[in-house]
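Structure first, commentary second.
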Amino acid sequence: MYTETQIIKSGAPASIAGALDGTGELVINVGPQHPATHGVLHLVITLNGETIRKIEPHLGYIHRSIEKMCESLSYRQFIYVTSRMDYLSSHINNHACALTVEKGLQLEIPPRAQVIRVLMDELTRVASHELWWGAMAMDLGAFTPFFYAFRERETITDIMEETCGARLTMNYICPGGVNYDIHPNFQRRVKDFIQLFKSKIHEYDELVTGNIIFQNRMKGVGTLSREDAISFGCTGPVARGSGVSSDIRKLFPYEIYDKLNFEEITETAGDSFARYMVRIREMHQSISIIEQLIDNIPEGDFQAKTKAVLKLPKGEFYSRVETARGELGVYIVSEGGTTPYRIKFRSPGFSNLSALDHMARGSKLGDLVAMMGTLDLVIPDIDR
Amino acid sequence: MTTENFKEYITRVLPAAIFDESGEWLNVLIDPKDWKSLAQQLRDSEFDFNYLFCLTCIDWKTHLTMVYHLSSTGHRQTIVIKANLDRANPEIETVSGIWRTAEFHEREVYELFGVKFLNHPDLRRLILTDDFEGYPLRKDFEDPVNMIKL
């Protein structure tokens, strides 16, 4: 069915006999159902012995054509679909869409809503990085970190459930603000979480970061140079691990990020360990942002007054946010109606995945898992 | 880089380019024939547009429009390059050799809009199955089996 096997055959004659005696190439499939891909990602890998010659991703196993669907949904409705893209940062996806619609409507957002949005974004980022940390350690052969990560992540999910009514697809941020006010318990529970997180985070370092087995499996593996990271359009921790400053919260601040005190984390090594360290250090920054805001939520409305039916003026609107995986861009082309004429989601995972072939060539098959783990792929975000 | 000297530069190399500043960023509409050489110059000249962060297509029913969002990790300014393509036979030069991220994005546009990228190293379907018929993101696409219209 797939033509690449023919391409490889016509390019460099490969036969099973050649592969067996070590002179030829062997094509193997990883996925679409494979525990290390965390979703339905299909990689066609050309191997010479244990060395990777080429990786071709095959996408689309859960392609729902969200962009086409959105063309027939109103500006209030389409946000709910976007929670299903990168399901680990659904708040931030909703946020990006709300920002684009607000840009078109030139809406002013009440300060209370802005602070709530940022708090939710940062809680989501911590939750997403926690899940990544547990899953990545599991990919590398350790099962315990997964339970450690979920112990803390569960607390965030419970906080979300209380305020948003959902644990995964929150659909909480809407054009104009947020859908409903925070739960009375919200502040107390977030403070409890901060305390819990601070008392447990050292375990992460003791268990994984400082572990020589993990370090040896990650250092020097999947190195991506600064120029390549830019050329492949990598964003988020993948780009920052290669020394590219790409944090949208710093470069193009939205909401109240320009008034907050936090650092953009960058590492220069460009290998899997650098990407790992960026995410670990980012969790501390997010906690610091939450600490700055949790006692300073201004009083007032949680939603600006908007019309029941939203109509964007004719034109093009683009806004971007920093999700847990990188830069999410929402591009809306409006013809002046109640639905977008064309909508494009520039998802971070799609561009980050395109660098996988380049960074994996020449390395061993066993290291591929470490690379994919630190790319932090979420397949619905790639397929859309 | 200022918008003024950038416009001056574009007018010098492409006198036929049309500017539109009504939106957030400067839009430049060019002829698809000029795209490859302009793209190379944009990345290599002092304007240093090394980061292609969004590549997509819009179906206007009469023609297709390719949209390239370019930025730079140095000066952080953004420009948008557009090129109108013939809907019956859409063809444009690939820029995957200039910005490597374009390789995947162009494959996506190729299968969803049917735009043919000339000299693309590996122009195959990325998302859809091999036997899929039609270009789903075109406006006249109707799928009787899978519900897309809600």
Side-chain angles (χ1 to χ4, degrees), chain A residues 1-4 7 56-61 63-65 67-73 77 81 103 226-235 239 244-246 251-252 314-320 327 329-331 333 335 341-346 350-355 357-358 382-384, chain B residues 20 22-25 27 43 48-61 65 67 69 71-74 76 78 80 82 96-105 107-109 111-113 122 124-132 135-139 141 143 146-150:
Chain A
M1 182 182 177
Y2 293 108
T3 47
E4 69 283 334
I7 292 170
E56 289 179 65
H58 284 266
L59 311 177
Y61 288 90
H63 177 66
R64 295 144 292 178
S65 204
E67 292 173 10
K68 183 80 174 178
M69 267 199 251
C70 290
E71 286 175 12
S72 52
L73 293 173
Q77 291 170 328
V81 191
K103 199 178 252 180
R226 187 175 188 278
E227 287 68 33
D228 286 333
I230 298 169
S231 183
F232 278 107
C234 295
T235 47
V244 185
S245 158
S246 63
L251 299 173
F252 308 100
K314 194 171 156 57
E316 293 175 6
F317 309 98
Y318 193 102
S319 67
R320 38 190 169 182
E327 172 183 341
V330 180
Y331 176 53
V333 180
E335 280 285 86
Y341 184 76
R342 165 97 174 97
I343 194 159
K344 156 89 183 168
F345 297 106
R346 183 255 184 244
F350 189 74
S351 299
N352 288 351
L353 175 70
S354 68
D357 176 39
H358 179 75
I382 297 166
D383 278 1
R384 285 159 287 142
Chain B
D20 174 16
S22 57
E24 188 183 358
W25 298 311
N27 279 237
R43 197 197 60 178
D48 186 33
F49 285 105
N50 55 3
Y51 176 37
L52 173 74
F53 65 90
C54 185
L55 185 162
T56 189
C57 186
I58 304 167
D59 182 11
W60 291 107
K61 290 177 188 154
T65 305
V67 186
H69 285 77
S71 183
S72 163
T73 48
R76 298 284 171 202
T78 302
V80 185
K82 291 181 177 174
S96 53
I98 300 169
W99 300 283
R100 309 239 353 225
T101 179
E103 191 177 325
F104 261 44
H105 280 93
R107 279 174 71 179
E108 193 192 4
V109 171
E111 62 187 340
L112 300 178
F113 284 93
D122 187 19
R124 282 183 295 122
R125 287 190 164 170
L126 185 66
I127 290 170
L128 301 175
T129 53
D130 286 356
D131 53 356
F132 194 91
Y135 304 114
L137 282 182
R138 285 205 185 183
K139 287 286 171 184
F141 178 82
D143 190 339
N146 309 298
M147 187 189 74
I148 283 188
K149 226 172 224 169
L150 294 174

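This one's a predicted model, so the numbers in the text were calculated from it and none came from an experiment. Computed over heavy atoms, backbone and side chain alike; hydrogens, waters and symmetry mates excluded. Every chain is numbered from 1, with letters handed out A, B, ... down the list of sequences.
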Indicate the atoms forming the closest heavy-atom contact of Trp25(B) with Arg320(A), along with that distance.
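Of all heavy-atom pairs spanning Trp25(B) and Arg320(A), the closest is CZ2-NH2, 4.0 Å.
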Which of [options] touches chain B most, by non-hydrogen pairs under 4.5 Å:
options	value
Glu71(A), Glu67(A), Gln77(A), Glu227(A)	Glu71(A)
His358(A), His63(A), Lys344(A)	Lys344(A)
Asp383(A), Leu251(A), Val333(A), Leu353(A)	Leu251(A)

For the atom pair [atom1] ([X]) and [atom2] ([Y]), what is the distance rounded to the nearest 0.5 Å?
X	Y	atom1	atom2	value
Phe252(A)	Thr78(B)	CZ	OG1	5.0 Å
Leu137(B)	Ser65(A)	CG	OG	5.0 Å
Asp228(A)	Thr101(B)	CG	OG1	12.0 Å

Quick check on [X] against chain A: is it the side chain, the backbone, both or neither that has a heavy atom closer than 4.5 Å?
X	value
Val80(B)	neither
His69(B)	side chain
Glu108(B)	side chain
Asn27(B)	side chain

Kindly say whether the aromatic ring centers of Tyr318(A) and Phe53(B) come within a distance under 6.0 Å.
yes
Is the distance between the ring centroids of Tyr341(A) and Trp60(B) under 6.0 Å?
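Between Trp60(B) and Tyr341(A), the centre distance is under 6.0 Å.
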Side-chain donor or acceptor of [X] paired with backbone N/O of [Y] under 3.5 Å:
X	Y	answer
Ser231(A)	Arg100(B)	yes
Lys68(A)	Arg138(B)	yes
Arg342(A)	Cys57(B)	yes

Contacting region of Phe350(A) [heavy-atom separation from chain B under 4.5 Å]:
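Both the backbone and the side chain of Phe350(A) come within 4.5 Å of chain B.
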Please flag which part of Ser245(A) lies under 4.5 Å from any non-hydrogen atom of chain B: side chain, backbone, both or neither.
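For Ser245(A), backbone and side chain are both near chain B.
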Compare all side-chain heavy atoms of [X] with those of [Y] and state whether any distance is below 4.5 angstrom.
X	Y	value
Glu24(B)	Lys103(A)	yes
Trp99(B)	Ile230(A)	no
Thr56(B)	Phe345(A)	no

